[in-house]
Amino acid sequence: MSSLLSALNPEQLEAVTLPHQSALVLAGAGSGKTRVLTTRIAHLIQSGQVSPHGILAVTFTNKAAKEMLTRVSSMLPINTRGMWVGTFHGLCNRMLRAHHQDAGLQQAFQILDSADQVAVIKRILKNLSADDAKFPPRQVQWFINSAKEEGLRAYQVEAYDDFTRNMAEFYLFYEQQCNKEGVVDFAELLLRSYELLTRNEHLREHYRGRFNHILVDEFQDTNRLQYRWLKLLAGDHAAVFAVGDDDQSIYAFRGANTGNMKDFERDFDISKIIKLEQNYRSHGNILDAANTLIRNNSGRLGKNLWTSEGHGEPIRVVNAPTDFDEAAFIVDEVKSLHAEGVALSQIALLYRSNAQSRVLEHALFNASLAYRVYGGMRFFERQEIKHALAYLRLIANPHDDNALLRIINFPVRGIGMRSVELLQDDAKRHGGSLWTSMLQKCSTRTTFIPDSGDGIPARFEGSGAAGKPTRKGVEGFAELIESMRRICKTLPLPGIVEHMLEHSGLAAHYHAEREGAERLENLNELITAATSFVHEIEDDSLVAFLTHASLEAGEHQAGSGQDALQLMTVHSAKGLEFHSVFLSGLEDGLFPHDNSRNEAGGMEEERRLMYVALTRARRRLYLSFAQSRMLHGQTRYNIPSRFLREIPDNLLKWLQPVQKAATRNQEWGVRKQGPSREPGYGMQPRASNIQDSAASPWRVGQNVVHAKFGAGVIVNCEGHGADARVEVKFRAGVKWLSLEYAKLTSA
DNA sequence: ACAGGGACGTTAAGT
DNA sequence: ACGTCCCTGT
């Protein structure tokens with residue numbers, strides 16, 4: 001047991017070994033948060049305070065949930081099956097599947113992702129002939145989801161104006177449509193589960209009795225409904241162990257409510273917040289910068305990161321004339337870092353908004369540097385995969401109108417818009433699903449019209465009636481789905497997928513398409529996904545697989561496995577760390593973003609975002625800005641970010657202003673000591689005097705040999721220990737080299 | 001059925 | 001600048 005606890009610092013130890021009581025752990029960036037969470041779970045079990053059965057641990061991402069399970073299992077040789085570890089949505093789904101009847105759901109209910117949800121809303125708006133200029137589908141979606149996150153059903157929405165009344169009406173129709181089809185959206189998983197526990201005392205008491213310990217990761221990201229769900233589930237007896245960092249709350253825009261932390265203190269009688277402030281990630285200068293910056297925010301719970309390691313290198317600041325030059329600088333610097341031995345995958349290029357990646361990618365591409373951009377299309381979101389899933393959904397539940405509409409004429413089988421509209425009208429009249437209408441039409445026809453044997457009813461030949469010839473297509477489609485449903489009852493999951501791909505015509509379609517090779521490959525990958533799903537998961541049903549596809553959209557972009565630079569927004573960098581970080585586009589308007597100016601608390605959220613960005617770097621941090629930048633087809637002239645001014649000068653080292661690319665002919669170097677002011681920039685850059693070469697065997701003037709650059713002479717030294725660096729003049733130019741990585745020999 | 005043109009929007013993103 | 005979405009014309 002003590003082996004579990006031996007490596008913890010006092011605060012971590014206190015958190016891990018806390019008795020059965022609710023607690024709030026304020027866990028700074030890089031302070032060992034996950035370690036504390038997982039060690040506590042292991043400790044609780046090992047010391048016999050709770051069985052795995054009594055533990056519920058909730059996170060926001062599947063990745064975090066998986067990580068937690070892996071780490072717990074590595075600490076304890078126990079079966080983690082009894083534990084409820086997962087995302088809010090995953091756990092709610094688990095609960096709703098187990099009690100689908102009590103929750104008013106069919107067993108095979110399917111989950112809509114955001115795109116599916118918009119599709120449903122569009123259909124409803126069209127159906128109601130709503131003015132789509134006045135009511136954009138995405139706004140309706142936002143309204144519905146916000147209402148659900150406040151725990152409100154359509155009839156509970158308070159509407160004092162026409163606009164809201166309309167919105168509430170759309171919500172109502174949407175609700176009815178989802179119920180009819182047997183589908184739920186993400187917010188619905190939470191709300192249903194919450195309502196189930198509220199209404200069903202028996203179930204509530206069951207789960208309250210079961211979960212003695214509830215652990216919450218990234219607590220600052222919880223929304224109101226999630227908080228209420230936790231509170232409801234905890235009741236009076238469970239100990240809720242909430243871990244979070246108010247300074248890293250960057251998701252207010254999607255409903256995260258930092259107020260939950262203060263509510264939690266009050267509602268759960270938290271007498272003392274445990275603060276994890278020792279940072280195991282970054283060097284001192286980086287932490288000082290982050291600490292100083294974030295102190296400008298008000299209403300913090302308060303926290304100051306520290307490290308037992310040294311100050312490390314100064315933070316480098318770069319002023320570039322254009323975004324193009326900024327990118328060129330970054331590429332050069334990345335190259336030399338790489339040459340010094342830093343793996344590309346340990347270098348991150350961060351930016352505030354996705355549009356900024358373009359110019360960086362362009363420069364990287366020209367320099368033939370391997371890179372990987374986060375945030376692209378995910379596996380289960382690809383068009384061909386969505387089509388395939390739509391077929392699978394119909395197999396599981398043919399009343400899923402959304403799925404039906406997606407593939408009723410894909411691949412094309414001669415079902416035009418006209419036929420689809422007729423079906424929709426019919427379904428609307430009868431209040432049933434499209435599938436029901438379809439079957440009725442087909443059966444009506446076969447009853448009244450004898451089939452001539454070739455599949456084409458004699459009576460229709462040459463009839464020329466506008467809508468009628470398409471019926472054959474509809475009928476063929478109905479038969480296709482029915483036969484797939486029949487046959488798939490007898491097949492194992494991968495077999496179902498394979499059969500569907502073959503008989504739907506999807507495989508043939510992409511096979512014939514000129515650019516379809518990759519799509520076809522993805523479809524085959526879907527069979528693989530089904531196969532591994534069957535091997536890994538205890539439930540190998542089609543419904544379980546579809547649920548998996550909805551709740552886990554898959555990898556962001558298949559990491560080719562090769563060593564590559566990491567490009568991503570600051571938001572997606574949260575939780576990650578890198579040896580070196582380049583934070584680009586530090587300009588007012590970009591970061592902080594213009595749109596945040598008018599939002600309540602917007603600037604403070606931007607500052608927290610900046611705080612997240614800074615604390616990603618372990619050893620080296622570059623901050624850069626451009627005086628002009630091409631954005632949305634226009635050149636913008638920005639001033640450096642106010643956040644740059646909030647970092648103490650003595651932590652910064654201003655690199656020589658980058659020259660215009662066209663006239664650039666010298667290497668990047670350190671600005672000479674002395675007063676300097678960027679004209680028109682209102683900042684006082686100061687050359688760093690962090691320098692310590694006393695203990696170093698290297699001195700200025702020494703001749704050295706580098707494995708790659710050849711012979712050179714040291715012209716400058718800085719840093720100490722693992723962070724000592726020297727500036728060497730080679731034939732090819734002047735380079736800064738990290739002594740930790742560069743293979744330098746004395747000559 | 002499908003290509004092509006025009007309007008539009010363009011902060012961040014998990015489930 | 002660029003991608004997407006929807007409509008229109010062939």
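The model shown is predicted, which means the values in this text are computed figures rather than measured ones. So you know, we letter chains A, B, ... as the sequences are listed, proteins then strands, and number each from 1.
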Enquirer: If you look at every strand shown and take non-hydrogen atoms under 4.0 Å, does A:Ser572 touch a base, only sugar-phosphate, or nothing?
Expert: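 Result for A:Ser572 = sugar-phosphate.
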Enquirer: Given atom CD of A:Gln356 and atom C1' of B:dT10, what is their separation to the nearest angstrom?
Expert: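 Going from A:Gln356 (CD) to B:dT10 (C1'), I get 13 Å.
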Enquirer: In this structure, how many angstroms lie between the C1' atom of B:dA13 and the CD atom of A:Gln117, rounded?
Expert: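 Atom-to-atom, A:Gln117 to B:dA13, this comes out as 14 Å.
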Enquirer: Taking only residues two or more places apart in sequence or in another chain, which ones pass side chain to side chain donor-acceptor pair (under 3.5 Å) with A:Gln383?
Expert: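 Checked A:Gln383 against side chain to side chain donor-acceptor pair (under 3.5 Å); matches are A:His387.
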Enquirer: Measure the spacing between OH of A:Tyr194 and CG of A:Leu230 and express it to the nearest 0.5 Å.
Expert: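 Here the rounded value is 11.5 Å.
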Enquirer: Tell me what A:Glu599 touches on the nucleic acid: a base, only sugar-phosphate, or nothing, going by heavy atoms under 4.0 Å.
Expert: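 It contacts base atoms.
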Enquirer: In whole Å, I'd like the distance from the CG atom of A:Asp113 to the C1' atom of B:dT15.
Expert: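 Taking CG of A:Asp113 and C1' of B:dT15, I get 9 Å after rounding.
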Enquirer: Starting at the 5' end of nucleotides 1-10 of chain C, put B wherever the base has a protein heavy atom under 4.0 Å, S where only the sugar-phosphate does, and a dash everywhere else.
Expert: BS---S----
Enquirer: In whole angstrom, what separates A:Asp221's CG from B:dG14's P?
Expert: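 Distance, rounded to whole Å: 12 Å.
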Enquirer: Under 4.0 Å, heavy atoms only, any strand: does A:Phe60 hit a base, just the sugar-phosphate, or nothing?
Expert: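 Here A:Phe60 touches the backbone only, sparing every base.
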Enquirer: Round to a whole Å and report the spacing from NZ of A:Lys148 to P of B:dG14.
Expert: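 Distance check: A:Lys148 NZ to B:dG14 P gives 21 Å.
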Enquirer: Which whole-number value in Å describes the distance from A:Asp594 CG to B:dG9 C1'?
Expert: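 From A:Asp594 CG to B:dG9 C1': 16 Å.
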Enquirer: On DNA chain B, check which nucleotide each of A:Ile250 and A:Ala553 is closest to and give me the residue with the more 5' one.
Expert: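 Residue closer to the 5' terminus by nearest nucleotide: A:Ile250.
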Enquirer: Hey, is A:Phe253 doing a stacking thing with B:dA12, by the 5.5 Å centroid and 30° angle criteria?
Expert: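 A stacking contact exists, since A:Phe253 sits close and nearly parallel to the base ring of B:dA12.
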Enquirer: Please tell me whether A:Gln117 and A:Ser114 have a donor and an acceptor in their side chains that are separated by less than 3.5 angstrom.
Expert: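 A:Ser114 and A:Gln117 do not have a side-chain donor-acceptor pair below 3.5 Å.
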Enquirer: Side chain to side chain contact (heavy atoms under 4.5 Å, CB included) with A:Leu152: which of A:Glu150, A:Lys148, A:Glu149?
Expert: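 Of A:Glu150, A:Lys148, A:Glu149, side chain to side chain contact (heavy atoms under 4.5 Å, CB included) with A:Leu152 is met by A:Glu150 alone.
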Enquirer: Of all the nucleotides listed (B:dT15, B:dA12, B:dT11), which has the minimum atom distance to the side chain of A:Asn595?
Expert: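 Nucleotide nearest to A:Asn595's side chain: B:dT11.
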Enquirer: Is the phosphate of B:dG9 approached by A:Arg138 (side-chain N or O, under 4.0 Å from OP1 or OP2)?
Expert: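 Checking B:dG9 against A:Arg138, no side-chain N or O comes under 4.0 Å of OP1 or OP2.
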Enquirer: Could you tell me whether a side-chain N or O of A:Arg224 sits under 3.5 Å from a main-chain N or O of A:Asn257, the two making a donor and an acceptor?
Expert: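 No.
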Enquirer: Please determine whether a side-chain nitrogen or oxygen atom of A:Thr569 lies at a distance below 4.0 Å from atom OP1 or OP2 of B:dA13.
Expert: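 So the side-chain polar atoms of A:Thr569 do come within 4.0 Å of the phosphate oxygens OP1 or OP2 of B:dA13, strictly under.
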Enquirer: Return the set of residues passing side chain to side chain donor-acceptor pair (under 3.5 Å) with A:Thr61 (not counting sequence neighbours), or none when no residue passes.
Expert: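 Counting only residues at least two positions away or on another chain, A:Thr61 forms no side chain to side chain donor-acceptor pair (under 3.5 Å).
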Enquirer: Under 4.0 Å, heavy atoms only, any strand: does A:Asn354 hit a base, just the sugar-phosphate, or nothing?
Expert: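 Sugar-phosphate: the residue A:Asn354, judged by heavy atoms under 4.0 Å, touches backbone atoms but no base.
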Enquirer: To the nearest 0.5 Å, what is the distance between CD on A:Glu326 and CG on A:Leu586?
Expert: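 With rounding to 0.5 Å, CD (A:Glu326) is 8.0 Å from CG (A:Leu586).
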Enquirer: Report the C-alpha distance between A:Gln141 and A:Gln139 in whole Å, list the side-chain angles of each, state the deciding distance to 0.1 Å, and finish with yes or no for side-chain hydrogen bond (donor to acceptor under 3.5 Å, both in side chains).
Expert: CA-CA 5 Å; A:Gln141 177 186 37; A:Gln139 202 184 340; over 6 Å; no
Enquirer: If you check the A:Ser114 side chain, which of B:dG14, B:dT15, B:dA12 turns out closest?
Expert: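 The listed nucleotide nearest to A:Ser114's side chain is B:dT15.
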Enquirer: Rounding to a whole Å, what distance do you find between A:Tyr351:OH and B:dT10:P?
Expert: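 Rounded to whole Å, this separation is 19 Å.
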Enquirer: Compare the aromatic ring of A:His593 with the six-membered base ring of B:dT11 and state whether they stack according to the 5.5 Å and 30° rule.
Expert: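 One would call A:His593 stacked on the B:dT11 base.
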Enquirer: Excluding sequence neighbours, so at least two apart, what forms side chain to side chain donor-acceptor pair (under 3.5 Å) with A:Thr547?
Expert: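 A:Thr547 satisfies side chain to side chain donor-acceptor pair (under 3.5 Å) with A:Arg97 only.
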Enquirer: Which part of the nucleic acid, if any, lies within contact of A:Asp185, taking any heavy atom under 4.0 Å across all strands shown: a base, the sugar-phosphate backbone alone, or nothing?
Expert: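 Here A:Asp185 touches no strand at all.
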Enquirer: Looking at CD of A:Glu188 and CD1 of A:Ile111, how far apart are the two atoms once the value is rounded to the nearest 0.5 Å?
Expert: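 If we round to the nearest 0.5 Å, A:Glu188:CD and A:Ile111:CD1 are 11.0 Å apart.
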Enquirer: Roughly how many Å apart are C:dC6 and B:dT11, using the C1' atom of each and rounding to a whole number?
Expert: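 Taking atom C1' in both B:dT11 and C:dC6, they lie 25 Å apart.
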Enquirer: Figure out the CD/P separation between A:Glu605 and B:dA12, and round it to whole Å.
Expert: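 So the two atoms are 14 Å apart, to the nearest Å.
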Enquirer: Between the protein and nucleotides 1-8 of chain B, list every N/O to N/O distance that falls short of 3.5 Å.
Expert:
none

Enquirer: Test of understanding: with side-chain contact (heavy atoms from CB on, under 4.5 Å), list the residues that count as partners of A:Ala327, not counting sequence neighbours.
Expert: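 Listed in chain order: A:Val359, A:Leu360, A:Ala363.
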